[in-house]
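Scroll down for the structure; my scribbles are underneath it.
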Protein chains: 2
Amino acid sequence: MNFSIAQAAARSGLSIDTLRYYERIGLVDPPARDSGGRRSYSEDDLGWLEFLTRLRTTGMPIRMMREYARLRHGGVGTAALRKQILVEHRASVRERVAELTKCLDVLDYKIDHYDQIERKHAHLLNDLPQEATA
Amino acid sequence: MNFSIAQAAARSGLSIDTLRYYERIGLVDPPARDSGGRRSYSEDDLGWLEFLTRLRTTGMPIRMMREYARLRHGGVGTAALRKQILVEHRASVRERVAELTKCLDVLDYKIDHYDQIERKHAHLLNDLPQEATA
DNA sequence: GTAGGAGCTGGAGTACGCTCCAGGTCAACC
DNA sequence: GGTTGACCTGGAGCGTACTCCAGCTCCTAC
């Protein structure tokens, strides 16, 4: 099964321009071409794109993804290096999650503060004499 | 207690240039000045900066922080709007954490795959006749 | 055989969030 | 009173990751 660039874009969630851009900078290997010279993406290509988008989602910089992509071509001999990249990246993602969780606490705290303001307002209104709220 | 821009930078973790930049774009109010015309940050200023850095850490775009900053000047009447911004932002941060957690699973999976390759290699080496490993 | 739509290339442009710089002021210390 | 160092301003420059464009080719459908 092969896919046009539009289909690959739809499946990967990337734009057509981004797909060509990734190819240009060496993030993805140039896909096969059909008889008319158009890109024809394989399932494997899409699998790699999906993994790339995961790495991007987690904030891996493109130059690191490029390094990883380069190592893939080196075969099993580069497995240890590739693993190292992923392990280090995983650590940084975990850190990031911890950081976000801490910020979520601050947001909760602030929002709670606004809730209290609202309650106080409602309270004041309720305590007014009947005529004043009319 | 007041702070020079260098001290404010050290405490907030932002650079001096970034502090001036934030002021220029209306993210922070112009701080007081000392007799020599230099910025003099108050505790309140630093508190706001700390909150801002939390929002930045969680990826809130600057224009949204600016909107929030603008609303602060509106007093208690804008509390509901400010709360809304925070509530919406909290939702997006939670989403982001969920997304990262999913990506962490993929990373775990991949790393586990590399572990298996390593074990297979070690195994092969162990199974070789004694002379071949010398 | 021609109109329309998808895709092609190389290169320029954009959004965001800083970061750096030149040229000047000011206060303090020697 | 001269040097040093922190700070000032307005404005230019930069890195990242796309995004857009002009001008062209190719296939399909009528």
Side-chain angles (χ1 to χ4, degrees), chain A residues 2-42 45-46 48-70 89 92 96 99 103, chain B residues 2-42 45-46 48-49 51-69 89 92 96 99 103:
Chain A
N2 284 333
F3 304 88
S4 71
I5 194 166
Q7 288 169 327
R11 299 220 174 194
S12 65
L14 299 166
S15 74
I16 290 178
D17 272 316
T18 300
L19 286 178
R20 287 196 283 242
Y21 167 67
Y22 278 5
E23 185 181 330
R24 244 192 309 205
I25 65 174
L27 252 191
V28 307
D29 295 332
R33 298 288 179 131
D34 68 13
S35 59
R38 295 180 201 152
R39 288 171 183 77
S40 176
Y41 292 86
S42 69
D45 291 334
L46 291 193
W48 171 238
L49 276 176
E50 190 186 328
F51 183 57
L52 277 186
T53 60
R54 297 285 181 181
L55 295 182
R56 275 304 294 132
T57 297
T58 53
M60 182 183 281
I62 279 188
R63 64 175 176 289
M64 198 182 296
M65 296 198 294
R66 207 152 69 179
E67 170 71 1
Y68 188 91
R70 199 181 58 76
H89 183 59
S92 86
R96 179 121 194 85
E99 204 174 44
C103 290
Chain B
N2 285 332
F3 303 89
S4 72
I5 194 166
Q7 289 169 328
R11 299 221 176 193
S12 65
L14 299 167
S15 75
I16 290 177
D17 272 316
T18 299
L19 287 179
R20 287 197 281 242
Y21 166 67
Y22 278 5
E23 186 182 331
R24 242 191 310 204
I25 64 173
L27 253 190
V28 307
D29 294 332
R33 298 288 177 133
D34 68 12
S35 61
R38 294 180 201 154
R39 289 172 182 79
S40 176
Y41 292 86
S42 68
D45 291 336
L46 292 193
W48 172 238
L49 277 176
F51 183 56
L52 277 186
T53 58
R54 296 287 180 179
L55 296 182
R56 275 304 294 134
T57 298
T58 53
M60 183 183 280
I62 278 186
R63 65 177 174 287
M64 199 181 298
M65 297 199 293
R66 207 152 69 179
E67 171 70 1
Y68 187 91
H89 183 59
S92 87
R96 179 119 193 88
E99 203 175 47
C103 290

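Letters A, B, ... are given to chains in the order of the sequence lines, protein chains preceding strands, and every chain is numbered from 1.
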Practice problem: Flag the pair A/R20 and A/E23 as a salt bridge only when some basic side-chain nitrogen lies within less than 4.0 angstrom of an acidic carboxylate oxygen. | Solution: no

Quiz item: Rounding to a whole Å, what distance do you find between A/L49:CG and D/dC18:P?
Solution: 12 Å

Exercise. Ignoring backbone atoms, test whether A/R33 places a side-chain nitrogen or oxygen under 4.0 Å from the OP1 or OP2 oxygen of C/dT9.
Key: yes

Quiz item: On a plain distance test, is the side chain of B/R20 in donor-acceptor contact with the base of D/dC8 below 3.5 Å?
Solution: no

Quiz item: Distance-only, no hydrogens or angles: does the A/R66 side chain make a donor-acceptor pair with backbone N or O of A/I25 under 3.5 Å?
Solution: yes

Quiz prompt | N or O in side chain of B/R39 less than 4.0 angstrom from D/dC7 OP1/OP2 | solution = no

Quiz item: C/dT19 phosphate, OP1 or OP2: any side-chain N/O from B/T18 under 4.0 angstrom?
Solution: yes

Quiz item: For A/Y21 and A/G37, take the nucleotide of DNA chain D holding the closest heavy atom to each; which residue's nucleotide lies nearer the 5' end?
Solution: A/Y21

Practice problem: Indicate, yes or no, whether a donor-acceptor pair under 3.5 Å links the base of D/dG11 to the side chain of B/R24. | Solution: yes

Practice problem: Measure the distance from CD1 on A/I5 to C1' on C/dC8 and round it to the nearest whole Å. | Solution: 9 Å

Exercise. Side chain of B/D17 only, please: which of D/dC18, C/dT19, C/dC18 is the nearest?
Key: C/dT19

Self-check item: Distance in angstrom units between A/L19 CG and D/dA17 P, rounded
Solution: 16 Å

Quiz item: OP1 or OP2 of C/dA27 less than 4.0 angstrom from a side-chain nitrogen or oxygen of B/R38, does that happen here?
Solution: no

Quiz item: To the nearest Å, how far apart are A/R63 CZ and D/dC18 C1'?
Solution: 16 Å

Self-check item: Name of the residue among A/T57, A/L14, A/L27 meeting side-chain contact (heavy atoms from CB on, under 4.5 Å) with A/L52
Solution: A/L27

Self-check item: Distance, rounded to the nearest Å, where B/N2 contributes CG and D/dC7 contributes P
Solution: 14 Å

Quiz item: How many Å lie between CG on A/L14 and P on D/dC18, as a whole number?
Solution: 8 Å

Self-check item: Euclidean distance, atom CG of residue B/D34 to atom C1' of C/dA27 [Å, nearest integer]
Solution: 10 Å

Practice problem: May I ask you to say whether A/R96 pairs ionically with A/E99, meaning some side-chain N is under 4.0 Å from a carboxylate O? | Solution: yes

Quiz item: Are OP1 or OP2 of C/dC18 and a side-chain N or O of B/S15 less than 4.0 angstrom apart?
Solution: no

Quiz item: Can a side chain N or O of B/S4 be found less than 4.0 Å away from OP1 or OP2 on D/dC7?
Solution: yes

Exercise. Measure the shortest side-chain to side-chain distance between B/L49 and B/L19 over non-hydrogen atoms and say whether it is less than 4.5 angstrom.
Key: yes

Self-check item: d(CZ, A/R66; P, D/dA17) in whole Å
Solution: 10 Å

